[in-house]
Amino acid sequence: MKRKRPNFYLHLHSPKIPKREGSFFYTFGLGGISMFLLLWLGLTGLLEVFYYIPSAADANRSVQMITFLIPYGKLIRGIHYWAGQLLVVTTTLHMLRVVLTGSYKAQRSLNWLLGAVLLVVVLLFNFTGYALRWDEDISWALLVGTNLIKTIPLIGDSLYQIAVGSSSIGEQTIVRFYGWHIYGFAIIAGIFIVWHMFRVRRDGGISSRQDDYPVEKITRDELVEIEILAMFVVSIILIALALLLPPSLSGPADLNNIPEDATAPWFFIWVQQLLGSGDPLVMGVLIPVFLLALIMLVPFLLDRNQSGIGVWFNKEGRLAQITIILIIVSILILTLIKVL
Amino acid sequence: MKIDNTGKHKIYTLTRRAFLNLSLLISAAASSWGIIKFLSYKAPEERLLSFITLNQPQAYHLGSVTYIREVKAWLIHDQEGFYALSSTCTHLGCTINLGEERFDCPCHGSQFDLAGRVLKGPAASPLPGYQVRLSDDGRIVIDRRVSVPPSQRLDI
């Protein structure tokens, strides 16, 4: 009997997947959901590009137009916004899952690094996207975020110049942010996602326990069924959020105005809280960079064991697990202090 | 690197592969330099006004603290006269807001007194003062080009 050729989507999966690790409650589908959110982001982003005008005078007006005038514009912008916000959550939880199941060990350490790069790209995407709204709420976060670059010794001023395009925020800034958001980061993300997925397959598919043999397996068709179900659920959640909790939008940004109050985008509120208590270089640049370096060094410094792969809360990886949990909890606490 | 028969002299040979790799490296460095230069062009900035001519002094009564958005400065009239302070927080550049007898930064909570001195961090340095003078027709001028200590007043 001639076997049917698998379609491309099936082909992306290993033919057989270990049953335990193939289950939803091992991965919680977080990597796959992040991928699916990116697909939504690409699609809705492309639609927004047709109306968005990257200029200081027109950017806010064009977002108003997308939101209030263009049919389904509110929905499309809402999905783009919520997919971006959820992506920060799903990628962070994905990282947490990978740490807690020891899936960064041995030959998977390279993929851990690729994942860390992708996390940074997600944050850069979110920050530039947030700024492109060009309304009063974003202006102070944009000002502070870019002024932080200047505090870096030696290269700070040149970096600021490259990021902002002038000696202060203005017309050039919005064009640069737009370029990075829709093109620069998209290319970087594309390359790293393909590499990230390729490494998963190359490293033997989903990380799994090595102690029990033979391993009970399922076919990829079963996994794909769960994935399609997850896509439906995620899409319904996105549409519901877009309709029920639409993203905010205020009048055009004007840095000569006095802000009533200025809050960073929610994923950087912890940095804002840190900045309130000390030197900008230390609080706003060095501490975040240190945390990122710590995350990246997990398989190289905190846990160099080869064993414990695929085991929730494995003993060998205790130090790595505690470190990542501490980082996430501290960020949550700092955020809550500021918000409450 | 090879060692010849006698074992005494080291002969460095540049293989074709090494030569091509080296050329690639040099052109990558040269292009990076070009790209950085390309990205670093300083486009003309949208400047704030360097000075502004306001109303007659009588328009700003004793005890008033007025925001002048065109020059991003606070114009203050107290017992000793007029003076102007930059409204840009010296911490990370947010515009400070008028609180109760002091200025508050909405971004990170720095506080300044009405003379521009830091009451509460994270800001480390005081707000700079701008020159306040009278124009020929007797109107108030704030000049950002001239820095003065806030203690220097225009007494009318």
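The model shown is predicted, which means the values in this text are computed figures rather than measured ones. Naming: A, B, ... by sequence-line order, numbering from 1 per chain.
Contacts with chain B were tallied for A:Gln273, A:Met283, A:Arg176; A:Arg176 has the most, counting heavy-atom pairs under 4.5 Å. Listed options A:Leu143, A:Leu275, A:Leu255 were ranked by heavy-atom pairs under 4.5 angstrom with chain B; first place goes to A:Leu275.
In A:Met197, the CE atom is not crowded: 12 or fewer heavy atoms of neighbouring residues, nucleotides or ligands sit closer than 6.0 Å. Taking a 6.0 Å sphere around OH of B:Tyr67, one finds it holds more than 12 heavy atoms contributed by other residues, nucleotides or ligands. Summarising the local packing, OH of B:Tyr60 is surrounded by more than 12 heavy atoms from other residues, nucleotides or ligands at distances under 6.0 Å. Under a cut-off of 6.0 angstrom, the local environment of CZ in B:Arg17 is sparse, with at most 12 non-hydrogen atoms contributed by other residues, nucleotides or ligands. Counting heavy atoms of neighbouring residues, nucleotides and ligands inside a 6.0 Å radius, atom CG of B:Asp137 exceeds 12 of them. By the neighbour-count criterion of 12 heavy atoms within 6.0 Å, atom CZ of A:Phe290 is sparsely surrounded, having that number or fewer from other residues, nucleotides or ligands. Counted within 6.0 Å of CZ on A:Arg202, heavy atoms from surrounding residues, nucleotides or ligands total 12 or fewer; the atom is thus considered open.
Taking each heavy atom of B:Ser40 and A:Ile162 in turn, the nearest pair found is OG-CG1, 3.6 Å. Closest non-hydrogen pair, A:Gln272 versus B:His108, comes out as O-CD2, 3.4 Å. The two residues B:Cys107 and A:Ala262 make their nearest non-hydrogen contact at SG-CB, 3.6 Å.
Contacts between B:Leu98 and chain A at a heavy-atom distance below 4.5 Å are absent for every atom of the residue. Interface residue B:Lys42: backbone and side-chain heavy atoms are both found under 4.5 Å from chain A. Contact of A:Asn257 with chain B is made through backbone and side chain together, with heavy-atom distances under 4.5 Å.
Not a single donor-acceptor pair under 3.5 Å links the side chain of B:Arg69 to the backbone N or O of A:Ile258. Not a single donor-acceptor pair under 3.5 Å links the side chain of A:Lys150 to the backbone N or O of B:Leu92.
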Full working for side-chain contact (heavy atoms from CB on, under 4.5 Å) between A:Val144 and B:His91
CA-CA 9 Å; A:Val144 169; B:His91 178 229; over 6 Å; no
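In this structure, the side chains of A:Asn256 and B:Lys72 come closer than 4.5 Å at one or more pairs of heavy atoms.
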